[in-house]
Amino acid sequence: MKIEELYALLRRRGLLWPTAEVYGSAAGLYDYGPLGHALKRRLEMAWESWFLGLSEDYYRIEPAEILPEPVVRASGHLANFTDPEVSCAECHASFRAETVLEKVRPVGVDGLSSEEIGRLIADNQVRCPSCGKRALEVPRPFNLMFELDWGAAGKEHAYLAPETAQASYLAFPRMWDVGRHSLPLGIGVIGHAYRNEIAPRQVLFRMRSFTQAELQIFFDPEHFDLPFPSVADERLPVLRASDRARGLAAPELVSARALVESGLPEFYVYHLVQELRFFRDVLGYPTERIRLFEKSESERAFYNRIQFDVEVNLESLGGFREVGALHYRGDYDLRRHGEGSGKEIAVTVPDGRRIVPHVLELTVGIDRNFWALADLGIGAEGERTLWRLPAYLAPVPVAVFPLIAKAHGTEARALVEELRGAGVPALYDAGGTIGKRYARMDEVGTPLCVTVDGETLDPAHPHHGTVTVRERDTKSQERVPAGELAARVASRVKLPRAVMAS
RNA sequence: GCGGUUGUGGUCUAGUGGUUAGGACGGUAGCUUCCCAAGCUACCUACCCGGGUUCGAAUCCCGGCAACCGCACCA
């Protein structure tokens, strides 16, 4: 489906819409409606269930989303989260200052003011890479973080968190004390990140406020024991940086064992498998739509020692797009915050070494995967539009209809109340005809529809007390005793695994 | 942010200086005893916002906002 078509469908069914529509909307901001919120929550629960379920030493926290200035100074965001741009007054093309100046200043432009960059351009008579004219304009300073004035005097600054990760690094010392003083220690966060994007676009893929789910695993690089043999034979659709350099464009299925033999550490490959399994097995993306895209040294952030992005091929966005990533960040983060705060952030491990733990970061973009689920799952099947959503993600797990509203409405409503009482969110619909109701639920991915009919209510009929359960994907029907319904639905929508607090 | 294209009910659209702004789908209510978007009746909902031109603007002009495509950007 094309992007506008898919967005129209999601808007029409109230899953999603632009913020402040009555004022003409605000680019890059979206509201989730009732069904969208429900799906997003299910997606977050699935994330928590899967990633925190990887170990009993992984915990979820809920940090603040405003960071004081010293934090973003230490993390590097204040200096590096800015992309100095220059534009050409003649042809209106714009470029990163770094790109334009790389010949005259190989060390980069980090930390330079816009005046200094402008002087460099003038002194070196730099020409526009596009039209060749000497019409490059002094760059305007631009930082992608939202800056806040705070405190009564307004002299101090704070920033809306540009990523959720920093809060987890800041929480590490406290978590070390709260926990059992042992590594690995995992800190999971589902939270908002805020970025003042120059050109927000493509609905949920470039937003000014969005939701990230991240697991930061702190570990001792000399001792990270994992059951690697259990995943050694798993085959991953990888596209290696070295292969891309040779011109290869399509991913190859490579076993986890082979990846380790190629030089990647076991702990990294083990988690690459877990990341893949989340998208493939939990969210249900087809393997051929997924690729694990290795970033080369020049492509990845300088603090990342190894980086694979998880990309899915989306029709609405015309190709592979990043929906998650696995970063081996080394000890960069804790070291920087140790320096920035003036307090040593280090721990003593059982053999007596004093170490700064290393960080492995597993990220999942919640909004982007919301979109990917819609893109990959929604499709036409003959006359009907169908959303093939894993049952445990469905915003409405079950809908209940009376075959004839007047004749069976009371009993159908009673069944809805019974299901809700048993903890199953059920929806009642008596509008239109039975076929129309099935179609409506197909469109939002409801896996099961239940119909109460005359036979249900007729004590003389062999089907007395049973209802029709209809499957979304196959349209097949089955008579089921009404009393078994709650258990049946609950088992269908069970999450992959349960962890604390889910 | 630059360039191009576009903006009419919830959705898709007709209308291009004077229309009761039309239709389809949808939604609501009713009729129809109805297991896959049937039919009938009634009702609901729209010219993105602000200026300008004009006797008169949904229609023309300017500005803004938003979306799509391309460029740039995406730490």
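Naming convention: chains lettered A, B, ... in sequence-line order (proteins, then strands); numbering from 1 in each chain.
Using P as the reference atom, B:rC61 and B:rG18 are 16 Å apart when rounded to the nearest Å.
Separating the CD atom of A:Glu381 from the P atom of B:rA37 is a distance of 13 Å, rounded to the nearest angstrom. The distance from atom CD of A:Gln202 to atom C1' of B:rC73 is 13 Å, rounded to the nearest whole Å. With rounding to whole Å, A:Arg13 atom CZ is found 11 Å from B:rG27 atom C1'. Note: CG (A:Leu10) to P (B:rU11) measures 13 Å, nearest angstrom. In this structure, A:Gln307 places its CD atom 13 Å from P of B:rC74, rounding to the nearest Å. Atom CD1 of A:Ile3 and atom P of B:rG70 are 10 Å apart (whole Å). Rounded to whole Å, the distance from CD on A:Glu4 to C1' on B:rU13 is 15 Å.
With a 6.0 Å cutoff to the six-membered ring centre and a 45° limit on the axis angle, A:Arg291 counts as a cation-pi contact of A:Phe320. Within the cation-pi definition used here (under 6.0 Å to the ring centroid, within 45° of the axis), A:Arg11 qualifies as a partner of A:Tyr7.
In this entry B:rA42 has B:rU28 as its Watson-Crick or G-U wobble partner, both defining distances falling under 3.5 Å. When both pairing distances are held under 3.5 Å, B:rA58 makes no Watson-Crick or G-U pair with any nucleotide shown.
Among the heavy atoms of the strands lying under 4.0 Å from A:Ala199 is at least one base atom, whether or not backbone atoms are also near.
Residues A:Gln166 and A:His337 bring a donor and an acceptor atom of their side chains to less than 3.5 Å of each other.
A donor N or O paired with an acceptor N or O is not found under 3.5 Å between the base of B:rG1 and the side-chain atoms of A:Arg206.
Considering only side-chain N and O atoms, A:Arg440 lies under 4.0 angstrom from the phosphate OP1 or OP2 of B:rG27.
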Please step through side chain to side chain contact (heavy atoms under 4.5 Å, CB included) for the pair A:Tyr30 and A:Ser209, ending with a clear verdict. CA-CA 8 Å; A:Tyr30 296 89; A:Ser209 160; over 6 Å; no
B/S/- contact track for nucleotides 29-36 of chain B, protein heavy atom under 4.0 Å: --SSBBBB
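Of all nucleotides listed (B:rU11, B:rU28, B:rA67), B:rU11 comes nearest to the side chain of A:Ala8.
Among pairs with a residue in residues 441-452 of chain A, those fulfilling salt bridge (charged side-chain N to carboxylate O under 4.0 Å, His left out) read A:Arg12-A:Glu443, A:Arg13-A:Glu443, A:Arg384-A:Asp442, A:Asp442-A:Arg470, at least two apart in sequence or across chains.
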